[in-house]
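Accompanying notes for the structure given below.
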Number of protein chains: 2
Amino acid sequence: MSGKAPTIIDVAREAGVSIKTVSRVMNQEPGVNSETRGQVLSVITRLNYRPQQSARSLAGARSFLIGLLYYDPSADYIAGVQQGATLRCREAGYHLVVESLDDDAPDIGHQVDRVVSALRPDGMILTPPLSDNAQVLAALRAARTPCVLVSPAQETEGVASVRMDDQRAAQEITGLLLALGHRRIGFVKGAADQAASKLRYQGYLRALKAAQVPLDKDLIVPGDFKFDSGVAAATQLLARKARPTAIFASNDDMALGVLTTAQRMGIAVPAELSIAGFDDSPAAVLVWPRLTTVHQPKALMARTAVELLVAASRGDDPGQLHRVLPHQVVVRESTGAAPVARESTGAAPGSALPAKPGPGR
Amino acid sequence: MSGKAPTIIDVAREAGVSIKTVSRVMNQEPGVNSETRGQVLSVITRLNYRPQQSARSLAGARSFLIGLLYYDPSADYIAGVQQGATLRCREAGYHLVVESLDDDAPDIGHQVDRVVSALRPDGMILTPPLSDNAQVLAALRAARTPCVLVSPAQETEGVASVRMDDQRAAQEITGLLLALGHRRIGFVKGAADQAASKLRYQGYLRALKAAQVPLDKDLIVPGDFKFDSGVAAATQLLARKARPTAIFASNDDMALGVLTTAQRMGIAVPAELSIAGFDDSPAAVLVWPRLTTVHQPKALMARTAVELLVAASRGDDPGQLHRVLPHQVVVRESTGAAPVARESTGAAPGSALPAKPGPGR
DNA sequence: CTGAAAGCGCTTACAG
DNA sequence: CTGAAAGCGCTTACAG
């Protein structure tokens, strides 16, 4: 508890070795007598010595810093990613620096450049839509900073990436609705400029095809991932004569718009209409019935991204560069068996209450 | 675009000055001939020179790093805080390092210590509940690392803090309900161990007193800030003979539980029951009617925290150490005029639809 | 298996 | 107003 923090010199003196040996122990380099190593380790513990990041960074090739770059993410997305990244960083002795960028800014390359040249991070994690931003990627490449793309639109040769299988997840959740007996399943598309939109749509199509359910194009409506577009989509879909018995929205925000609209129209969920979303957002469990949806492995993707970067900076073999992580279909109360087969005749009777109020939890 | 990034030596040579002069210009120190300064600046721009954080940190007293420490925050909270912090950091030439800690861990002091001794950040921002964690504060004090507490339970002499006025906000939103003619206003408390719970409750009490509305203790029910406790609270409150015409929940998650419960009981919101929350969470606008609530100045609190830290690290006068930032009451569709004065007789007729469906947006 | 020397790119006193 | 020297705390070659 003296005034100054101990340095590598203090440790070396106490342990009766050179600073080089202490350095070797700290970096877990091979070729140190195990007795010497134990001796040094005990002094390190006793003095509570911690190497200083700035000195290691200046002298060596590593900064022990990993950057997380994002642009206008949903709160839930960034929180999930960050949780996984910070925990894995701590385990590996790294620290996470976060930077919020403007995807539309013409000087975004410079913004990246600034961070990289100031911090010299050992790696960068890019979340969508930055994972598809050519300027960002070019700036990183020029600075020779390794990066991992989270859910990029497409995998790039030699650039690491982590993602989940959006198409398969969408196929699974559509399959769930089909298994419940639904045949008229509405689909609300995501924003046209996002890669996930297309994948989720394809998953929906595949599931129908696999179940040999003919495609009804009128059941497919546009959306932009926002609540209001879910409201608009539901308004359109539920006004049909032969209205769908289920609606799968490309994300939870839109699914909540569908849910609200159904409730306002007096359509019981899930008795008369099943609703499924995608994302497992916090709001999915803040409504009743709670949403059936897909849980994206955000924290695991981030952990994996950190691992790939740490391996690369250590010179270890990172293994497979393109990782596809397992998702989870979360079945809650917004989906149920299709109504018994009598064609809906338009306006349905009944209240907004579910047939059987479920338990409060 | 050569292989190596330019150093201060390259700049000095090009500008025909000593590295010390370049250093002075970079740090905006006074006492440099303005012509010399301009000359140096132009070389810096031309070479695209950026000082390296690790070298500055090692040689000097500043690291240009600010830490953000949190424990299990809501996604929305951390995202809001971070947005404000990263932007202000960028403007000031700082970078934000985030670390997720475990508030219950017995070695949390060590966890903090590890970050501080490795990174030597110029300051730390602590969010609740860490802003009230004695071990964290002690570790920071021992390391002489300046910190700013976000919304601490109580202000500490000499320790900077930023917060909003929870009590006044709660008083305002209760006042809004009173102004709408409500007299039986239910209140759902927050978790007993959080400082905000008490403040919001006091605000509710004050508003009633100011309006000379007698306190009915049966209208006050416990809660823990979670959705389910809102459901439980509403179930209890709405079963009363003289049921409340409005319910103010201490946060949005609970308010959503109240909303769902009302809808399932066939009580129209806001025609028969007004509902108000607190936080302005993302979910507040993902339901219908959208929630009337209080918007907490998360980003502004974080910006201010960074400013206090940057000023301190520059040796500038930070000014007032305890900042109270303005909040905003956001009036949406979940609140309306109190039903005309006929005593509720228990079970109310009507559907879950609002009297007049509002606009879709 | 271990160590002495040089150097990473800046800032801090100290001179002039 | 400007600069030459020392040094921050490590790692990198290089020896032995």
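Only a predicted model underlies this, so the values are computations on that prediction, with no experimental measurement involved. To find a chain, count down the sequence lines: A is the first, B the second, and so on, and within it residues start at 1.
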Self-check item: Donor-acceptor pair present, R24(A) side chain and dG3(C) base, under 3.5 Å
Solution: yes

Quiz item: Think S23(B) has a side-chain N or O under 4.0 angstrom from the OP1 or OP2 of dT11(C)?
Solution: yes

Quiz item: Taking atom P of dA5(C) as reference, at what distance in whole Å does atom CD1 of I8(A) sit?
Solution: 16 Å

Quiz item: Less than 4.0 Å between a side-chain N and a carboxylate O, is that true for R303(A) and E91(A)?
Solution: yes

Exercise. Take atom CD of Q52(B) and atom P of dC10(D), then tell me their distance rounded to the nearest Å.
Key: 17 Å

Practice problem: Measure the distance from CZ on R56(A) to C1' on dC8(D) and round it to the nearest whole Å. | Solution: 16 Å

Exercise. Check the surroundings of atom CZ in R114(A): do more than 12 heavy atoms from other residues, nucleotides or ligands lie under 6.0 Å from it?
Key: no

Exercise. Take the protein atom CZ of R62(B) and the nucleotide atom P of dG9(C), then report the distance between them rounded to whole Å.
Key: 20 Å

Self-check item: Partner nucleotide, any strand, of dA4(D) [Watson-Crick/G-U, under 3.5 Å]
Solution: none

Self-check item: Nearest listed nucleotide, side chain of A61(A), among dT12(D), dG3(C), dT11(C)
Solution: dT12(D)

Quiz item: For DNA chain D, whose closest nucleotide is more 5', that of G31(B) or that of V22(A)?
Solution: G31(B)

Quiz prompt | N27(B) or K20(A), whichever maps to the more 5' nucleotide of DNA chain C | solution = K20(A)

Self-check item: Proximity to the side chain of A59(A) - top-ranked nucleotide from dT2(D), dC10(C), dT11(D)
Solution: dT11(D)

Quiz item: Roughly, in whole Å, what's the span from CD1 in I9(A) to P in dC8(D)?
Solution: 7 Å

Quiz item: How would you label the contact of F64(B) with the nucleic acid (heavy atoms, under 4.0 Å): base, sugar-phosphate, or nothing?
Solution: nothing

Quiz prompt | Between dC1(D) (P) and E29(B) (CD): distance, integer Å | solution = 13 Å

Quiz item: OP1 or OP2 of dT2(D) sitting under 4.0 Å from any side-chain N/O of T21(B)?
Solution: no

Quiz item: At under 4.0 Å between heavy atoms, what does I19(A) touch on the DNA or RNA strands: base, sugar-phosphate, or nothing?
Solution: base

Practice problem: Grab the CG-C1' distance between L47(B) and dG9(C) for me, whole Å please. | Solution: 15 Å

Practice problem: Among dG9(D), dC10(C), dT11(D), find the nucleotide with the atom closest to the side chain of A55(A). | Solution: dG9(D)

Quiz item: Would one find more than 12 heavy atoms of other residues, nucleotides or ligands at under 6.0 Å from atom CD of Q320(B)?
Solution: yes

Quiz item: Any side-chain N or O of T7(B) less than 4.0 Å from the OP1 or OP2 oxygen of dG9(C)?
Solution: no

Quiz prompt | 5'-most by nearest nucleotide on DNA chain D - P30(B) or R120(B) | solution = P30(B)

Quiz item: Does dA13(D) pair with anything, Watson-Crick or G-U wobble, both distances under 3.5 Å, and if so, with which nucleotide?
Solution: none

Quiz item: Nearest 0.5 Å, what's the OG1-CD1 distance between T304(A) and I125(A)?
Solution: 10.0 Å

Quiz prompt | Donor-acceptor under 3.5 Å (R144(A) side chain, R141(A) main chain) | solution = no

Quiz item: Nearest of dC10(C), dT2(D), dA13(C) to any side-chain atom of T36(B)?
Solution: dT2(D)

Quiz item: Please give, in whole Å, the distance from dC1(C) P to R37(A) CZ?
Solution: 9 Å

Quiz item: Is the number of heavy atoms from other residues, nucleotides or ligands within 6.0 Å of NE2 (H322(B)) greater than 12?
Solution: yes

